[in-house]
Number of protein chains: 2
Amino acid sequence: MAYDQLYLSHQFCFPLYAASKAVTRQYIPLLKETGLTYTQYIAMLALYEHGSMDVQDLGKILYLDSGTLSPLLKKLEAAGYIEKTRGEDARFVTVEVTEKGFELREKLSKIPSSVACCIPLKKEEAIAMIEGCKKILEALE
Amino acid sequence: MAYDQLYLSHQFCFPLYAASKAVTRQYIPLLKETGLTYTQYIAMLALYEHGSMDVQDLGKILYLDSGTLSPLLKKLEAAGYIEKTRGEDARFVTVEVTEKGFELREKLSKIPSSVACCIPLKKEEAIAMIEGCKKILEALE
DNA sequence: TTCATATAAATTGCATACAATCTAATTGGC
DNA sequence: GCCAATTAGATTGTATGCAATTTATATGAA
């Protein structure tokens, strides 16, 4: 067929796009009791792991820009999980996890295993996929 | 460390989420001249490949619900690429590609190869990732 | 010093995603 | 035939994503 290359099943992008959404959806019910969304969850993970940082650095870690992060951080601040402070150079905003934010970590720590057990992949398969994703990110970002 | 399992780098979800967004972003400049978004693009591909169908079947193929598809199809219809008609059972809406929609296919047919050449994976790696994604979709949908 | 340039974050505008609800139409039990 | 239960799609509300613009601040060359 002349338009073979347009078959959804021949596209690399589509399974990735659909699977990513499917995995993300698994988090929604688990995060419900914390009131966090998936994006807010990964933002908290980045802050736990790397400590305080400015919005730009957080954006580099999460591959998100200020258009996404600004309103998201405002919500996390309103919920009391983070604090934002202008630095000496007042252009920068430092984001810091609060006491309440660290308390949240206990609840969040149970989530990864709940999701992992729904993913029907062997360890090597999962590792291969993660490596593939990392190669893509290095090449495209 | 007590919270190892919360490291972003230990999460399966995050590389998948970030890589999927990175790949999708590659389409944006390529689709710009057609006026389509990425989601509109995959909707057109599904319709080219499977022919006319109702909204529900399209949603099953794309893993999208009517909340996403209704406004999206409205835009594709306004652009003249599809037509929506109520069937004999007036609850169903049949979506059909128009003449103009089929003309668009020529332009779209050049896009997959442009994206593919930016993906730094060997053929076997890409196939393994697609297989992994399909397993996830089967398990979670 | 002064003002053009550059930079970080916030805001704006548009298009998803998706849960929840609503509306219109159909079907099934009686 | 009548009406409760179902079903398909549309709508509503909230939260991203991201490009483009704006705002506030800092820097650097004349």
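Computed over heavy atoms, backbone and side chain alike; hydrogens, waters and symmetry mates excluded. A, B, ... follow the sequence lines: proteins, then strands. Residue 1 opens every chain.
For the residue pair B:Leu137 and A:Pro15, the shortest heavy atom distance occurs at CD1-O, 4.3 Å. For the residue pair B:Leu140 and A:Cys118, the shortest heavy atom distance occurs at CD2-O, 3.5 Å. The minimum heavy-atom distance between A:Met129 and B:Gly132, with the atom names listed, is SD-CA, 3.6 Å. Summarising the geometry of B:Thr98 relative to B:Ile82, their closest heavy-atom pair is CG2-C, 3.6 Å, with the distance given to 0.1 Å.
Taking atom CD of residue B:Gln56 and atom C1' of nucleotide D:dT7, one finds them 8 Å apart after rounding to whole Å. Going from atom NZ of B:Lys75 over to atom C1' of C:dT16 covers 7 Å, rounded to whole Å. Going from atom CD of B:Gln26 over to atom P of D:dA19 covers 11 Å, rounded to whole Å. Straight-line distance from the CG atom of B:Asp54 to the P atom of C:dA25: 17 Å, rounded to whole Å. If you measure from atom CZ of A:Arg91 to atom P of C:dA10, you get 14 Å, rounded to the nearest angstrom. Atom-to-atom, CG of B:Asp65 to C1' of C:dT16 comes out at 11 Å; the value is rounded to the nearest Å. Between the CG atom of A:Leu69 and the C1' atom of D:dA15 there is a distance of 13 Å, rounded to whole Å. If you measure from atom CG of A:Leu36 to atom P of D:dA15, you get 12 Å, rounded to the nearest angstrom.
For A:Tyr38, no side-chain nitrogen or oxygen approaches OP1 or OP2 of C:dC18 to under 4.0 Å. A:Lys74 has a side-chain polar atom (N or O) that falls below the 4.0 Å cut-off from OP1 or OP2 of C:dT11. An OP1 or OP2 oxygen of C:dT16 is reached within less than 4.0 angstrom by no side-chain nitrogen or oxygen of A:Lys21. Contact annotation: A:Ser70 reaches the phosphate of C:dA10 (side-chain N/O to OP1 or OP2, under 4.0 Å). At the phosphate of C:dC18, OP1 or OP2 sits under 4.0 Å from a side-chain N or O atom of A:Arg25. Between A:Lys84 and C:dA9, a side-chain N or O to OP1/OP2 separation shorter than 4.0 Å is absent. In terms of phosphate contacts, A:Tyr17 brings a side-chain nitrogen or oxygen within less than 4.0 Å of OP1 or OP2 of C:dA17.
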The test is side chain to side chain contact (heavy atoms under 4.5 Å, CB included); show your working for B:Ile42 and A:Tyr17 and say whether it passes. CA-CA 10 Å; B:Ile42 60 167; A:Tyr17 159 84; 3.5 Å; yes
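Residue B:Lys32 has its side chain nearest to D:dA20 when only C:dA9, D:dA15, D:dA20 are considered. Nearest to the side chain of A:Thr68, among D:dA10, D:dT16, C:dA9, sits D:dT16. You'll find that the side chain of A:Thr37 is closest to D:dA15, out of C:dA8, D:dA15, C:dC18. The side chain of B:Leu64 sits closest to C:dC18 out of C:dC18, C:dA8, D:dG9.
At a threshold of 4.0 angstrom between heavy atoms, the contacts of B:Leu72 are confined to the sugar-phosphate backbone, with no base atom among them. Heavy atoms of A:Thr39 sit under 4.0 angstrom from primed sugar atoms or phosphate atoms, though from no base atom. The residue B:Asp89 sits close only to the backbone: its heavy atoms come under 4.0 Å of sugar-phosphate atoms, none of a base.
Along DNA chain D, the nucleotide nearest to A:Tyr63 and the one nearest to A:Glu88 differ in position, and the one closer to the 5' end is contacted by A:Tyr63.
A donor-acceptor distance shorter than 3.5 angstrom exists from the side chain of B:Tyr48 to the backbone of B:Gly101, with no hydrogens or angles considered.
Counting atom types as modelled, A:Ser66 pairs no side-chain N or O with a base atom of C:dA8 as donor and acceptor under 3.5 Å.
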